[in-house]
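In what follows, chains carry the letters A, B, and so on, assigned in the order in which the sequence lines appear, proteins first and then strands, with residues in each chain numbered from 1.
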Amino acid sequence: MPELPEVETIRSGLSRLLPGRQIAAVRFDTPKSFPNAPADVEAFMTGAQIVAVARRAKVLLIELSSKYSLVIHLKMTGQLVFQAPGVHFGAGHPNDSLVGPLPDRSTRVTVDFADGSQLFFNDQRKFGWMRLMPTAEIPQLDFFKKVGPEPLGSDFTWQVLKTRLLRRKNTNVKAAILDQSVVAGVGNIYADESLWGAKIHPATIVRELSDKDFKNLHKSLQAILRLSIEKGGSTDKHYVDAEGKKGSYLSFASVFRREGRPCPRCGTTIIKTRVAGRGTHICPHCQQLQA
DNA sequence: CACTTGACCTGTCCGC
DNA sequence: TGCGGACAGGTCAAGT
């Protein structure tokens, strides 16, 4: 569920909150959520300071003064929540509808800082992970070698989108745009929203798309990602930002999770179907499949 | 090689 | 009320 706008919102929050703080202790549950050896965590995390927080695709990078970094993928239900000294989530806290007292049952990793603040990595479904590794080795990870361009980067033109999508010219456009090696950071929500914006049926085979389609999709994708970042991302059930707050993009969504309601453009009832193995929301009038 | 499906998990919701 | 099954969706491995 955290896609580019959600991870970017967390990054910007953590960038304000973490740099300069010194790690005092780290606790974690299973090797699946944190595969490093305890000795390495002790050697390269404990005592180190946070230098910077960055993002690439849906991956967060927390750089430490030890020349090591934390590489974090939240997958579907992951959260990274910062708790300032003396602050406690739960009853009476403005965000208690989504974040209760921490740590809780879903907490996988807890980082204690020297000043008493804490960072919690929570993940109900345990798909996400956090990994400590030398900063210099990050670009050599398979994921970083093959991941596509950032869709909000200045060099991401409609022609770049066209060329990248055509790498998967025989599949449907929804599967292609969800492919992280085609373009970075797009997941189910923004795939559906941007295809609606471009009036393209998600099951359209990529090779059938016209230049006008590629231009429209490019424009729509960028506008929607920018709007969602401005709204703090999309919260359905799990996503919260670095301070435990929900994002409000879904109240601006046109089709995602809006089946049975009218299309904001033409009034036709939005339907939910299945494309590329994913729940898919479309306006059957605006997004017609060409024969 | 290109593409699709299943596995990884847990919580929630729906129908019987 | 309880229970089984479908579903949620990011990514990778396995299968076609």
Side-chain angles (χ1 to χ4, degrees), chain A residues 1-11 28-35 55-61 71-80 97-100 103-109 121-131 141-148 150-151 163-195 202-208 225 228 233-240 247 249-250 253 255-260 271-282:
Chain A
M1 206 161 291
E3 305 180 26
L4 189 152
E6 291 74 33
V7 181
E8 177 57 25
T9 302
I10 294 170
R11 183 210 62 77
F28 48 98
D29 62 351
T30 62
K32 175 144 191 212
S33 36
F34 200 129
R55 177 192 63 76
R56 176 76 171 97
K58 301 173 192 172
V59 176
L60 274 166
L61 302 166
V71 182
I72 303 165
H73 202 306
L74 300 171
K75 293 289 180 84
M76 261 101 71
T77 57
Q79 305 174 327
L80 269 182
S97 59
L98 270 185
V99 180
D104 65 19
R105 204 164 24 157
S106 74
T107 300
R108 310 288 161 219
V109 183
F121 168 43
N122 301 327
D123 186 17
Q124 178 190 102
R125 285 172 71 179
K126 305 183 185 179
F127 284 11
W129 45 263
M130 174 181 284
R131 174 175 167 193
L141 289 176
D142 285 346
F143 177 84
F144 286 96
K145 283 196 282 192
K146 70 174 197 201
V147 69
E150 288 289 325
T163 304
R164 308 286 306 183
L165 284 172
L166 284 172
R167 288 154 60 112
R168 299 203 51 188
K169 60 186 160 69
N170 294 320
T171 191
N172 62 73
V173 64
K174 176 150 177 177
I177 204 168
L178 287 172
D179 183 338
Q180 298 300 293
S181 72
V182 168
V183 53
V186 181
N188 209 36
I189 298 173
Y190 303 104
D192 281 6
E193 290 291 296
S194 60
L195 288 165
T204 309
I205 302 301
V206 172
R207 80 175 109 76
E208 306 292 333
L225 293 175
S228 184
S234 296
T235 293
D236 181 25
K237 288 193 175 63
H238 301 280
Y239 167 73
V240 290
Y249 175 80
L250 283 189
V255 288
F256 190 82
R257 292 284 158 79
R258 294 182 58 82
E259 59 270 31
I271 58 167
K272 182 173 180 183
T273 175
R274 234 177 154 73
V275 177
R278 301 265 183 269
T280 298
H281 310 76
I282 61 171

Exercise. Could you say whether A/Phe143 or A/Gly279 is positioned toward the 5' end of DNA chain C, judged by the nucleotide with the nearest heavy atom to each?
Key: A/Gly279
Quiz item: So, A/Tyr249 versus A/Tyr190, ring centres under 6.0 angstrom or not?
Solution: yes
Quiz item: For B/dC14, what is the paired nucleotide under Watson-Crick or G-U wobble rules, both distances under 3.5 Å?
Solution: C/dG4
Exercise. Map A/Lys32 and A/Arg105 onto DNA chain B by nearest heavy atom, then report which one ends up closer to the 5' terminus.
Key: A/Lys32
Self-check item: P-based separation of C/dT11 from B/dC1 [nearest Å]
Solution: 23 Å
Quiz item: Atom CG of A/Asn172 and atom P of B/dA2: how far apart are they, to the nearest Å?
Solution: 17 Å
Quiz item: Quantified in whole Å, what is the P atom distance between nucleotide C/dC12 and nucleotide B/dG11?
Solution: 25 Å
Quiz item: Residues in side-chain contact (heavy atoms from CB on, under 4.5 Å) with A/Asn172, at least two apart?
Solution: A/Lys174, A/Ala175, A/Val275, A/Ala276
Exercise. Indicate whether the side chain of A/Ser106 and that of A/Asp123 have a donor and an acceptor atom separated by less than 3.5 Å.
Key: no
Quiz item: If you measure from the ring centre of A/Phe127 to the centre of the six-membered ring in the base of B/dC8, is it under 5.5 Å, with the planes under 30° apart?
Solution: yes
Quiz item: Just checking A/Phe256: base, sugar-phosphate only, or nothing, at a heavy-atom cut-off of under 4.0 Å?
Solution: sugar-phosphate
Quiz prompt | Rounded distance in Å - CG (A/Asp123) to C1' (B/dG11) | solution = 13 Å
Quiz item: If each of A/His238 and A/Lys169 is mapped to the nucleotide of DNA chain B with the nearest heavy atom, which maps nearer the 5' terminus, i.e. the 5' end?
Solution: A/Lys169
Practice problem: Ignoring backbone atoms, test whether A/Arg274 places a side-chain nitrogen or oxygen under 4.0 Å from the OP1 or OP2 oxygen of C/dA8. | Solution: yes
Exercise. Using a heavy-atom cut-off of under 4.0 Å over every strand shown, decide if A/Gly187 touches base, sugar-phosphate, or nothing.
Key: sugar-phosphate
